[in-house]
Every structure is written in structure tokens, then in C-alpha cells.
Chemist: 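Have a look at this one.
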Amino acid sequence: MIARDRTLMNKPEVYLVGIHVVFGVVATVVKAFIPLLFFAVSCLYVFKYARHDMHKYRILVFISYLMGLEILNRSVGGSFLPYEIGKYIQIGFIIVNIIIARTWFTSMVGILVIILLLPSFILYEPGFLKHFVFNTLGILTLGFMIAFTAYQKITLENLSNILKAFLLPCVTFVTYITLKTPDYSQIDFNLSSTVATSGGFGSNQVATLLGAAICFLVIMLDQKYYIGNRIITICLILYFTLRAFLTFSRGGIISMIISVLLSFIFFRKIKQSSVVKLTLLSVGFILIFILTNNITGGQLLLRYQGETSGTVQGNREKNLESISSGRNNYAAVDIDVFFDNIILGVGPGNVQFNRYKYGLYEDEIPPHTEQTRLLAESGIFGLFINLILIFWPVYIIRGTRNRDMKLIKCMLFIFAYATSFHSAIRTGLTPLLYGLASMDIIDYKTQSAELNDQEI
């Protein structure tokens, strides 16, 4: 049988991209549209697809789609859905799948993460439910995703479909923020992240979403699984990069760069085609940076050089605090809290209310760094979870035989881990990436021999 030429135009996918552009237009006018879409897609899985989803493929397609929609649901404002709906969805769908499709967990490592979280729960204070959910539910969801997906076989083609399911809502999102962005001449670009180019929502989460989308597109471009076709895929990479730069939030972009570069360096054989791919990506990235820097009047370059309004005016010294937007101070206090509460920590959601004891009086903003938050709030058990977050990816990647699959898993793991340094686990994205990267991805060329009747 002749394989389909994936370089040709895939009309159904082009139509889907167009439909999701229309969704973005509608979202700017009808605020309730996105929450209703989120709710409808959730119901579609639970009532139509869950019963026959014993191979766990459709659940990941639906979760991926909803995680791509999560930030837009927050951005439109006035949603009737909970703020943390993305994490509720992942845990809820897994429980539904286990009950209805009679699947089960496939990894004790994910269950261990959940167990290690439990001891510090005895310090939970009922009045801090909001902070408990905001701070702790992310790592709990990550434990569920690893436990549910690890070692599950999936073909590369089906993995690409899961990635596409995430990317379609991202198309809706960039359409939405493009229409919501004022004329560039009316925006006061300064040396801090801006909501004006982020659809009126937190630029940190927006940049993280777009950084993940770029990673997904690079994976598909590298493996010749395009969304629509090659040209559309490349155009989406370029435009997502432009929109990510315009947020002036550096974390998502830097995490993306690190994950792409390290994955190619470690697992792509040095040959002409690989060098050409990386060179073209780099050139495109640099050209988009130059274009965005011109749009912002040179402010973007200063932002990535670590400058602030204070350092430019000479009122503030450029140091680690200014470069990291104060995240280093919060992380340092988290570590001090850990050493003072080394067994159980201070309890889930509580660290931000203990900073004043260590000289941080400015505000009670939630932690930005998941690794140090785990230490402060879960003590020695948080340290064990940190070790799992580091060594589980190493174990999974080392156990993968195919270099292309190693590259994909490496990119997903690195981005998931790196982004948790600057925005903790604010969304359901990090658990999803850990879950996908923990699966046993079967290359298209060998799937028939390895899957036999278990092909999903």
C-alpha cells in the first residue's frame, strides 16, 4: 500500500484551522462562547467516547484540546467554569476513563508522586482552599497523568493527532489576542510584560502556551506530520513566535529555545538535513525577533538583556533580582522555609503567607518556582518529588531505543520542567507534557510489527 504523501494539502485540517480562526473571532464578541465550547467538548468525551476508550487515545486527544483552550477560557473573563478547570478535567477524565472504560494506572511512579504529597496535607488550613488548589493541584495532576499514561503504547501518527488537538485552540487563541490587541502605536511598550498584547490576560501564561505550541509544531515539522501542510505549519511557527515575543514574557520563549536546542543537540544525528532544519529555524527566529524589536521600538532587545526601567534610568542595579523579576528572592525564601520545616514543610498553599517571617513584605503572590515551592510546602517529601521530576525523564529517555522518539520525549520533558521554573504549574500543560512524554511512542515504520492487534 502506498503511504499518503503528508506534504500535500490536507483539506480537512485546513478547514479545521479555518473554523478555529472563526472561533477566535466569535470569542471577541461573545464571551460565553469559549466556556460553552469547553463544556460541550468535555461532555462529548464523557458521554460518547469514554466507554470505548480502553487504549487511552481519545482521552488524550480531548485533554490536549481542552488544555489548548484553557488559557483562552481564562482570558475571556466571566467564565462559569472554575479557574483551575484544566487540572480538574485531567483528573476527572482519568477517573471517568477508569470507571467507564475499565482501564487502570500503568506506573507506580505517578502513584508515588501522589502518595508523597499526602503527609503535608495534615497541615492544610480549610480557609486556604483557593491557595491549596492553585499551588498543589498542578503537581497532583502530574502524578495522575504519569500514573495513567506511562508505558502506554501509542503510534507517532496518533501522537501527532494529539499535538494537533492542542494546536487548533491555539489558533483560536492567537486570533483572539490579535483582534484584541490595540494598534501597536497606541501601546506603551516598556521593560515589563504587558497584557495589552496578551488579550488582556497574564502574559506569562500566554507565552508559556505559545512556547509549547511552537515546540509541538517543531516536532511535527521535523517528523513530517504537518497541520494542513508544511507551509501552514511554518507560518504558524513564525506567527506564534511573533505573538510570544510581543507578550514581553521571557519564560515561555526561553523554555522553548532550551528544549528545542538540547533535543536536537542530544538526539539528532549531525547530517546535512538536520543542520539545514536547525539553521532555518534559527534564521526564522532571529528575523521574527528583529521584526518584533522594531515594532516595540527596541524595547524587546533590552527586555531580553535583563534591563528594567530602573536599570535603564540608572536608579537600579542590574542583578539577578532585576533579571528574574524577583523570582530568585521568592525561591531563596522557599529554600529557607524548607530548612526550617524540613519534615512536612509548611503545608500546601501556605508558603506565600510565611514570607514575611523572612523579610519579604511586598505581597503574598503565589510561588513562581514549582521546585522550591515543593520543598517549602511538602518538606522532605517535596525533595523526593523533585528527584522524581528530574530522574523520571532521564529513565524514560534512556529506555527509549529510537533516536527520533528520544528527541520528542526530550523536548516535551525539558519544556515542561523548564516552564515550571518561571510559572510553577499554573496550567494543566506541564502534567500533560509529562504524561505524553512518558508514553511508549512507536515509530510509523515499526508500528505494525510492535503493536499487532493492539494498535490504537
Chemist: In this structure, is the centre-to-centre distance between the rings of F216 and Y225 below 6.0 Å?
Modeler: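 Judged by ring-centre distance (under 6.0 Å), Y225 and F216 do not meet the cut-off.
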
Chemist: Between T136 and R373, does the side-chain contact (heavy atoms from CB on, under 4.5 Å) criterion hold? Intermediate values first, please.
Modeler: CA-CA 9 Å; T136 307; R373 183 203 68 78; 3.8 Å; yes

Chemist: Give a yes or no on whether the backbone of D53 and the side-chain of N97 come within a donor-acceptor separation of less than 3.5 Å.
Modeler: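 Yes.
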
Chemist: Please answer whether the main-chain N or O of V195 pairs with a side-chain N or O of S203 as donor and acceptor at a distance below 3.5 Å.
Modeler: no

Chemist: Is Y226 close to M220 at the side-chain level, that is, under 4.5 Å between some pair of heavy atoms?
Modeler: no

Chemist: Check for a donor-acceptor pair, side chain of T141 on one end and backbone N or O of L137 on the other, with a separation under 3.5 Å.
Modeler: yes

Chemist: Could you state the interatomic distance from OG (S282) to CG (L261), rounded to the nearest 0.5 Å?
Modeler: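 The CG atom of L261 is 6.5 Å from OG of S282, to the nearest 0.5 Å.
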
Chemist: So, does Q352 use its side chain to make a donor-acceptor pair with the main chain of P367 at under 3.5 Å?
Modeler: no

Chemist: Between S64 (side chain) and V61 (backbone), is there a donor-acceptor pair under 3.5 Å?
Modeler: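 No: the side chain of S64 does not pair with the backbone of V61.
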
Chemist: Is the shortest heavy-atom distance from the side chain of L429 to the side chain of I71 under 4.5 Å?
Modeler: no

Chemist: Taking all atoms of both residues into account, what is the closest heavy-atom pair of A32 and P35, and its distance?
Modeler: O-CD, 3.3 Å

Chemist: Does CZ in R403 sit with more than 12 non-hydrogen atoms of other residues, nucleotides or ligands closer than 6.0 Å?
Modeler: yes

Chemist: Between CD1 of I237 and CD1 of I214, what distance do you get to the nearest 0.5 Å?
Modeler: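 Between I237 CD1 and I214 CD1, I get 8.0 Å after rounding to 0.5 Å.
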
Chemist: Looking at every heavy atom in both T178 and V174, which two are closest together, and how far apart are they?
Modeler: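 Looks like OG1-O, 2.5 Å.
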
Chemist: In this structure, are over 12 heavy atoms from other groups packed under 6.0 Å from F289 atom CZ?
Modeler: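 It does: F289 CZ has more than 12 such atoms within range.
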
Chemist: Is any side-chain heavy atom of I253 closer than 4.5 Å to a side-chain heavy atom of R250?
Modeler: no

Chemist: Walk me through it: do L163 and L436 pass the test side-chain contact (heavy atoms from CB on, under 4.5 Å)?
Modeler: CA-CA 10 Å; L163 302 185; L436 293 178; 4.3 Å; yes

Chemist: Using modelled atom types only, decide if a donor and an acceptor are shared between the side chain of K409 and the backbone of M439 within a distance under 3.5 Å.
Modeler: yes

Chemist: Does T427 reach the side chain of L209, with side-chain heavy atoms less than 4.5 Å apart?
Modeler: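 Counting from C-beta outward, T427 and L209 never come under 4.5 Å.
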
Chemist: When rounded to the nearest 0.5 angstrom, what distance separates CD1 in I85 from CE in M67?
Modeler: 8.0 Å

Chemist: Is the closest side-chain heavy-atom distance between Y176 and V76 below 4.5 Å?
Modeler: yes

Chemist: Could R58 and Y45 be counted as a cation-pi pair, given that NZ or CZ must be under 6.0 Å from the ring centre and within 45° of the axis?
Modeler: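 The answer is no; the distance or angle limit is not met.
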
Chemist: Let me confirm one number: the OH-CG distance from Y184 to N294, rounded to the nearest 0.5 Å.
Modeler: 12.5 Å

Chemist: Could you check whether F166 and Y65 have their ring centres less than 6.0 Å apart?
Modeler: no

Chemist: Could you check whether F93 and F62 have their ring centres less than 6.0 Å apart?
Modeler: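 Not under 6.0 Å, so no.
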
Chemist: Do L36 and F80 make a side-chain contact, defined as non-hydrogen atoms from C-beta onward lying under 4.5 Å apart?
Modeler: yes

Chemist: Using every non-hydrogen atom in the two residues, find where T149 and M145 come nearest and quote the distance to one decimal.
Modeler: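 Here T149 and M145 meet closest at OG1-O, 2.7 Å.
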
Chemist: Can any side-chain N or O of S120 pair as donor or acceptor with the backbone N or O of P348 at less than 3.5 Å?
Modeler: no

Chemist: Apply ring-ring contact (aromatic ring centres under 6.0 Å, His included) to F245 and F285, showing your working.
Modeler: CA-CA 10 Å; F245 276 139; F285 181 85; 5.2 Å; yes

Chemist: Other residues, nucleotides and ligands only: do more than 12 of their heavy atoms fall within 6.0 Å of OH on Y151?
Modeler: yes

Chemist: Between K56 and F148, is a side-chain contact (heavy atoms from CB on, under 4.5 Å) present by the stated rule, with each step listed?
Modeler: CA-CA 9 Å; K56 305 179 183 179; F148 186 71; 3.6 Å; yes

Chemist: Does D334 reach the main-chain N or O of A376 with its side chain, forming a donor-acceptor pair under 3.5 Å?
Modeler: no

Chemist: Starting at OG1 of T172, measure out to CG of L37 and round the result to the nearest 0.5 Å.
Modeler: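 The distance works out to 7.5 Å.
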
Chemist: Can you name the closest pair of heavy atoms from I397 and K406 and give their distance?
Modeler: O-NZ, 2.8 Å

Chemist: Quick check: does any side chain N or O of S423 sit under 3.5 Å from a backbone N or O of S420, one acting as donor and the other as acceptor?
Modeler: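 It does not hold such a pair.
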
Chemist: Taking OH in Y15 as the centre, count heavy atoms belonging to other residues, nucleotides or ligands within less than 6.0 Å. Is the count above 12?
Modeler: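 Not more than 12 within 6.0 Å, no.
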
Chemist: Could you tell me whether E370 and R426 have a side-chain N and a carboxylate O separated by less than 4.0 Å?
Modeler: no

Chemist: Is the centre of the H131 ring less than 6.0 Å from the centre of the F134 ring?
Modeler: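 No, the ring of H131 stays outside the 6.0 Å limit from the ring of F134, centre to centre.
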
Chemist: For I34 and A27, work out which heavy atoms get closest and say how close.
Modeler: CG1-CB, 3.7 Å

Chemist: Counting only heavy atoms from other residues, nucleotides and ligands, does the tally under 6.0 Å from OH of Y83 exceed 12?
Modeler: yes

Chemist: Which atom names give the shortest non-hydrogen contact between S198 and T247, and what distance separates them?
Modeler: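 Nearest pair, atom of S198 first, then T247: OG-CG2, 3.5 Å.
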
Chemist: Quick one, S255 with H422, criterion side-chain contact (heavy atoms from CB on, under 4.5 Å). Give me CA distance, side-chain angles, the key distance, then yes/no.
Modeler: CA-CA 9 Å; S255 297; H422 67 87; 3.8 Å; yes

Chemist: Do the non-hydrogen side-chain atoms of F105 and I98 ever get within less than 4.5 Å of each other?
Modeler: yes

Chemist: Is T372 close to V351 at the side-chain level, that is, under 4.5 Å between some pair of heavy atoms?
Modeler: no

Chemist: So for atom CD1, which belongs to I390, do other residues, nucleotides or ligands contribute more than 12 heavy atoms lying within a distance under 6.0 Å?
Modeler: yes

Chemist: Which residue is it: F267, Y434, F391? I am looking for the one with a ring-ring contact (aromatic ring centres under 6.0 Å, His included) to F413.
Modeler: Y434

Chemist: Distance from K11 atom NZ to L16 atom CG, nearest 0.5 Å?
Modeler: 14.5 Å

Chemist: Between T197 and L246, is there a donor-acceptor pair closer than 3.5 Å when you use the side chain of the first and the backbone of the second?
Modeler: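 At least one qualifying donor-acceptor pair exists.
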
